[in-house]
Structure formats: C-alpha cells, structure tokens
Amino acid sequence: MSIDLGSLLARMTWRDKLDQLQIVWRPDPESQRALARRGVGCLFWPGSAAATNALQRIAVEESPHGIPLLVGLDVVHGQFTAFPTPLAQASSFDPAAAELDARTSAAEARSGGVNWTLSPMVDVSRDPRWGRVVEGFGEDPYLTATFGAAKVRGYQGASLADPTSLAACLKHYAGYGFAEGGRDYNTVDMSEQRLRNVVLEPFRRAVAEGAASVMASFNTLSGVPMHANHRLLTDVLKREWGFEGVVVGDAEGVAQLVPHGVAVDAGDAVRLAIGAGLDVEMGGSVLDADGEPAVGPAELDLARVDDAVLRVLRLKAALGLFAHPYVDEAAERSAPTAETRSAARTAAERSIVLLKNDEDVLPISADTRRILLTGPYGTSTDHLGAWVQHFAARAGSLDDAVREALPDATITVLPGAEFLATAPALPDALRGATEHDLVVVAVGEPSLLSGEAASRSDLTLPGDQERLIHMVADSGVPFVVLVLSGRPLDLSGWFHRAPAVLHAFHLGLEGPAALARALSGAVNPGGRLPMSFPRTVGQVPVHHDHESTGRPARTGGRIGFDPADVAIVGPNNTDDHFTSKYLDLPLGPLLPFGHGLSYTSFSLGSASLDAAEVPLADVLGGHRVVVTVEVRNVGDRTGDDVVLVQVRDHVASIAPAVERLRGFDRVTLAPGAAATLRFELGAEDLGFWTNDPAGRFVVEPGDFTITVTDGTTALDLRLRLM
Ligand code: NOJ
C-alpha cells in the first residue's frame, strides 16, 4: 500500500502537525492511550507487542488522521540478549561483532513492537572521566565511524520495513564526548578542523550508510546549544550531507534551552529548536500534557514545520507502518535463545583484551589444581554494563563460569573487598591464599559507575580493590588480575605488580563464560584497546592521534635535571626540559590505543605500497594506493592478530596528527599459518578538513609515512603525493 504523504500533510492542521513532532514518555497506560488518540507522533515502547498493538490501533483507528506511531527505545547493546557494551565491541576491532549485535537486538526489539532504536552512539571521546564512553566506540574517529556504520547496517537490515529491522539513530550530534572536564552535559568549544576531522566524521559516514535519524546533543557547541544549532542541524547535516531523515532532540533538550540561557521560555525554545532544524522533540515542550501548544502558528516557520512532519511521515512509510502497523503477537520474543546467546558469547570472547602476561602465567594450565578466586567480580552478576533495560536477561557469575571452564581445578571463592566500600577487616579475606597454586583477583567498576550522568574525577579502582591486589601480591602466590570496567581506568598503582592482567569493558550476558574461557585458554584473547589507559587522571586527555606540538618531548635525550630528580620525574622523562610533558610522569599513556597481547605471537613482514610516488591528481580522481603486509603466527596456538594502518602527513597547511588510523583488520591464524592483508588508501585517508566553516576537505601534496603495525612490530612505508 502506498500512501500519498503530500495529501495527508495537506489535511493536517498546524496543531496536528506539531503533535507528530514529539516523542513522549508516559509511564501510565491511560496517558499513553490519550496521547495516541490525540495523534502524537511517537511514543516510548509500552513494554510488549500487545500493548504496542493496542496503542497503534488507537493511533490508526481513533486519531484524527490515523497515522501510526513511531515507537522508540534505547536498544543499545541488546534487548533481551545483552551483547558486550559498545566500548567492549570496539575492543574486538571486529565490526562484524557490532553488526551481529545490532541485527540480533533489532529482531528481538521489533518483534515486540519497537521500531526505532536510539542507537548507536558515535561520540568520539578522549576523556575517560566521561561515563558515557562506555556507550561509544572510543577515542578514534575512524574506528568509531566504522563501528557506527556497522551498527546502522545491522539495525536497519536490507529494508526498514522488514519485521526484523529498526530505524537507527546516531547520537549525540555533536561534540557531546568533548564535555569540558569530562563532566556530563558540560560545555564544548572547539575549532572547525577538530569538529570536522574528529567529531563529525563518524556521523558523516553513518549518515552515508543510510541512518534514519540523528539525535541532537545536550551540550552547547562553541556557544550555541545543539538543540538550537542551525549551522550543524541544517547547514551541515541536512544541506551539506543531504540527510533526509529525522532529527530528534534528547530528553527535554528543547526545554533546556532556557537554563542554557538562549531562550526566555518554552515557546521561545520550541521556536528556536524547530527553526534550527530539529524535527522531533523528546519531552513535552512542543505540546504540553493537555495538548496545549507552546507556540502559535504566527511564531513558527510553517514551511519548516511541514518539512519536519514530512520527514517523520516518510520514516513511518519506510518502516512499512502505514501498510502494517501491527506486529505479530504470536512471534514476540522476550528472552534470549540458544542462538542469540551464542552470538553474544562470540562477541564477548572477541572483546577481551590481554594487557599483560609476564612469563605466560595465562592461560591457566591444566595442572593448576587449587585456585583462589577473590575480588568483587568473583561472585558479582553485574556484567551487563550500562544501558540495558530492566527486562534484559540477567548474567551469571564468574565463579560458576570458572568452575565450568576448569572442571579439574578446585575453586575457592573468598569475597575480598566490595566494589565501593572500604573495610578495615580486609586482610582477613586472604587467609589461606598461600595454600593455593594461583589467585585470580576479579576487580573493576560496577556498571552504575559508567553511562549517563556517571562522570568520575578519579579513575582508579574504587573501594579497597587496589589494596586487595597489593595484599595478593604480598602473599607471594602467583596471580592474575581480571579487570572489568565501563571506561579506561588508572591502573598505575598496581599494574607493575601483577604478572598477568586481562581487561574487558562490561561484556553483557555471556561475559562470565567468555572471561572464564579466556582464563582457561579455550579462548585466546585478541581484542585491543579502543581508548588509551592514562597513567593518572591528570594526564587526561591522552590519545594516540594527537598533534606533535612545536616542542615534542622525546625519550633518550639530554637530562634536563639534576640526576637526583630522575627519581621524581621518572626514567623515561629525561628529555629536554622545555618540552611538552608532565614533570612527574613518564611520556605517553600507561597503555596506548591498540594495545593488546595474545597467548601466541606473530611476525609482521613484507609490507609494501603498490607505488611510492603517486600524482595528487590521480588520488583526487579516485585512485587508491594499495598497502599489503604479511602476518604470520609464529607461536604454538591459534590466535588473532590485529593490524592497524596509520597515516602521518609530514607537512600540511594545518598541523597534522602524529598518526591517524585509516585501516585495520583482525585475522585468525593457526600456528605457522600466514595471511596477506590488503588495505586501500584514497583521498579520504590522505586529506583532511580545514578550518573553513563552509566545510573544505583538501588533499595536499608531499610526503607521508604509512605505518603498518600490530602493536608489537611497526613497519614504516614512504608515500609521496606529487
Ligand atoms: C537521554 C540520553 O542522553 C539519550 O542517549 C537517550 O536516548 C535518551 N535519554 C532517551 O532514553
């Protein structure tokens, strides 16, 4: 059935139109029914297929124009089957894991009547204080763009009208991950080139992938709140990128234009937001609970209102809602299946990062008989991570999973430290440690310390957990530390004492099984860090694709201090005095972006470019430079290596980053096996956005270094654009 949206629009009054421009959350069913009857455009999911169908029936049969509802929900990393958190997915360096998550959760959610997910979050962030880093894909724009595009493909499938697809929503547009001080909702102010090269890139790429909607962010950007930012919402997103979907506000973001200090009241805020290019408001500013509009028609640009309504109607048509407003209640899914669990398990296994493994303490050998498991994650079931709904299936605990993964070992569990509390009696927790062959200390942040409104000023393990690690180290028993968190943590206080460390951002439903299998060696960890781990919070932001500065600090230079001071400044920090560094820290993060080890080892060789000199005109005309490299498993176990391709532009009209990620691949190799990986670099990889507010992307001639690295070996190739 095709519907003539133009004549539908022509039949609507301006008030009916405003009703389409709202997504409203009402907890009680009677209010939901009243809104549907009135003709509201979008509601949050009422909780089941039957409840959704009942609301759709009211919208279709009783509302003034019979327009079906958009039904929204934050389906971020699973509906019933929680996949790893997005930041964990990014650690897999395997976009297929993210696509599988999105496909699986779309099928689960759409079966119950949801048709619009408020995901993925593609906010690049270099600040682990910001609790929402767990919802995104880390510090790198290319990695974020690649994962964001994969999520869009997964959610939206081949067609939005498919009963297993959801409309995706890119959020939070734009700059939200750069909140000053890492404090959620805080101010953002940045140059055009950073905005374009870092913040907007993932949005631009995911819009090109066909994302159906984009959500405005809570922050101001260079003084202009995003809900009133005409330049970003209209000039860039809609005009420059040709985005034809829906721009939705964040929760009460329109009303918040008043405390931002750019609108005098709700009416002013609505006028500003719609005028700026916002299509759908989240909250209750456009029309209040009684249907009273905040603004009259004289104050609104009615052509803009028509455009916004048409965008909403087009999305409803694309979702097939005019033809099929109801879902098949008999096909509703409300729990994980063996298949969805297995998909979540694979994704979790691929998202684990081996940070350290001195003397191959891991994997736990089969003859390790007596294992002591301690730390709050030993028994906690808090594995799902931030942004799961209350109805998601609950995870089990690590102790059960370890027993299953190591059936021949005797596992003793000692509580040993709470997540958050400090306890003077802690030493008692380790009585008997020396009677064991190995201690596994499972520590981390509970899920509630990350996500929205969960910024931290301290990045160390909370509570007594560091103390617990030191006590285990003091016991002299071999041990491994397993860390789970929703952000990069400051591990400096104890990392040097731990022989082996496994890390994962919260892994979802199958986290415990995946972790236990990584401990036992059934899984060989192959993930990599998608964000740098700072040495201390005072070093934040620290990230791999920084600019050089005019005074870069280098190690190995002349000692700028009295040698006695080296104890204070650290042995790495013995460069020229007047360079960019902290006096009291070694250079660089504790663990860089891309770091991750394996139970096997790899060699990287025969890296080459198909041409060392290429005419600039060819690149501008679409020619792509081909990079190849051979990777070989030189160890004795099957394992995964991740190869990154980084580009450095030596001289450019804007100070270039010391490296920019422009390609990556993860490959599984049996012992002795080799693979040749191939990457292509085109204009988009060699050029950059300038500071021109009109949006100017340039590729400049000159020398580039292309570095192919797997973290252990780095091979440099020279490219000249002539
Ligand atoms: C506020 C959050 O910022 C946003 O990400 C989310 O989609 C909405 N709340 C709705 O839950």
Side-chain angles (χ1 to χ4, degrees), residues 22-27 32 40-47 69-79 85-87 102 105-106 109 114-125 130-137 144 148 151-152 155 166-179 182-188 199 202-203 206 211-221 225-227 229 245-257 259-260 273 278-286 385-392 447-448 450-455 486:
Q22 281 195 304
I23 175 160
V24 185
W25 185 77
R26 289 280 183 281
Q32 290 170 350
V40 78
C42 332
L43 285 171
F44 277 94
W45 190 51
L69 294 157
L70 283 179
V71 178
L73 189 70
D74 294 270
V75 183
V76 174
H77 56 109
Q79 175 80 332
T85 53
L87 192 57
S105 39
V114 180
N115 48 43
W116 184 20
T117 175
L118 306 175
S119 174
M121 182 182 113
V122 291
D123 296 316
V124 170
S125 183
W130 191 51
R132 300 200 82 166
V133 294
V134 73
E135 299 173 43
F137 303 108
T144 301
K151 288 276 268 188
V152 169
Y155 285 131
L166 296 175
C169 182
L170 307 175
K171 66 190 190 184
H172 306 80
Y173 184 79
Y176 189 36
F178 280 75
R183 208 183 74 222
D184 208 2
Y185 316 124
N186 205 9
T187 305
V188 180
V199 169
F203 288 95
S213 67
V214 172
M215 184 186 291
S217 55
F218 285 127
N219 54 284
T220 58
L221 184 65
M226 279 309 308
H227 282 68
N229 200 312
V246 170
V247 178
V248 62
D250 203 345
E252 307 295 350
V254 171
Q256 288 157 17
L257 293 176
H260 267 307
L278 195 92
D279 300 313
V280 171
E281 188 241 343
M282 186 186 294
S285 293
V286 171
W387 260 128
V388 281
Q389 304 288 350
H390 63 90
F391 44 75
S447 300
L448 60 80
S450 55
E452 189 177 348
S455 297

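What you see is a predicted model; the values in this text were computed from it and never measured. All heavy atoms count here, side chains included; hydrogens, waters and symmetry mates do not. Residue numbers start at 1 and run along the sequence shown. For ligands, and for the atoms within them, numbers begin at 1 and follow the listed sequence.
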Within the 4.0 Å heavy-atom shell around [X], which atoms of ligand 1 are there?
{"X": "Trp387", "result": "11 (O)"}
{"X": "Glu452", "result": "1 (C), 2 (C), 3 (O)"}
{"X": "Lys171", "result": "4 (C), 5 (O), 6 (C), 7 (O)"}
{"X": "His172", "result": "3 (O), 4 (C), 5 (O)"}

Short question: side chain of Ser217, backbone of Tyr173 - any donor-acceptor pair under 3.5 Å?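 Indeed, once roles are kept as given, a pair shorter than 3.5 Å links the two residues.
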Please check: side-chain N/O of Asn219 versus main-chain N/O of Ala174, any donor-acceptor pairing under 3.5 Å?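 At least one qualifying donor-acceptor pair exists.
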Measuring from Gln32:CD to Trp45:CH2, what's the distance to the nearest 0.5 Å?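 Going from CD on Gln32 over to CH2 on Trp45, the span is 11.5 Å.
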Nearest-0.5 Å distance that lies between atom CD in Gln22 and atom CE in Met282: 11.5 Å
Which of the listed options, Thr117, Asp74, Asp250, holds the heavy atom that is closest to atom 7 (O) of ligand 1?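 Among Thr117, Asp74, Asp250, the closest heavy atom to atom 7 (O) of ligand 1 comes from Asp74.
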Option among Ile23, Val246, Asn115, Leu69 that satisfies the side-chain contact (heavy atoms from CB on, under 4.5 Å) test with Cys42: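 One option only clears the test, and that one is Ile23.
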Could you tell me whether Met121 approaches ligand 1 through its side chain, its backbone, both or neither, with non-hydrogen atoms closer than 4.0 Å? neither
Going by distance only, is there an N or O of Arg132 that falls short of 3.5 Å from an N or O of ligand 1?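 Yes, at least one N or O pair falls under 3.5 Å.
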Between ligand 1 and Trp25, can you find any atom pair, the residue atom being a heavy atom, that is separated by under 4.0 Å? no
Parallel, tilted or perpendicular: which fits the ring planes of Phe218 and Tyr176, with parallel below 30° and perpendicular above 60°? perpendicular
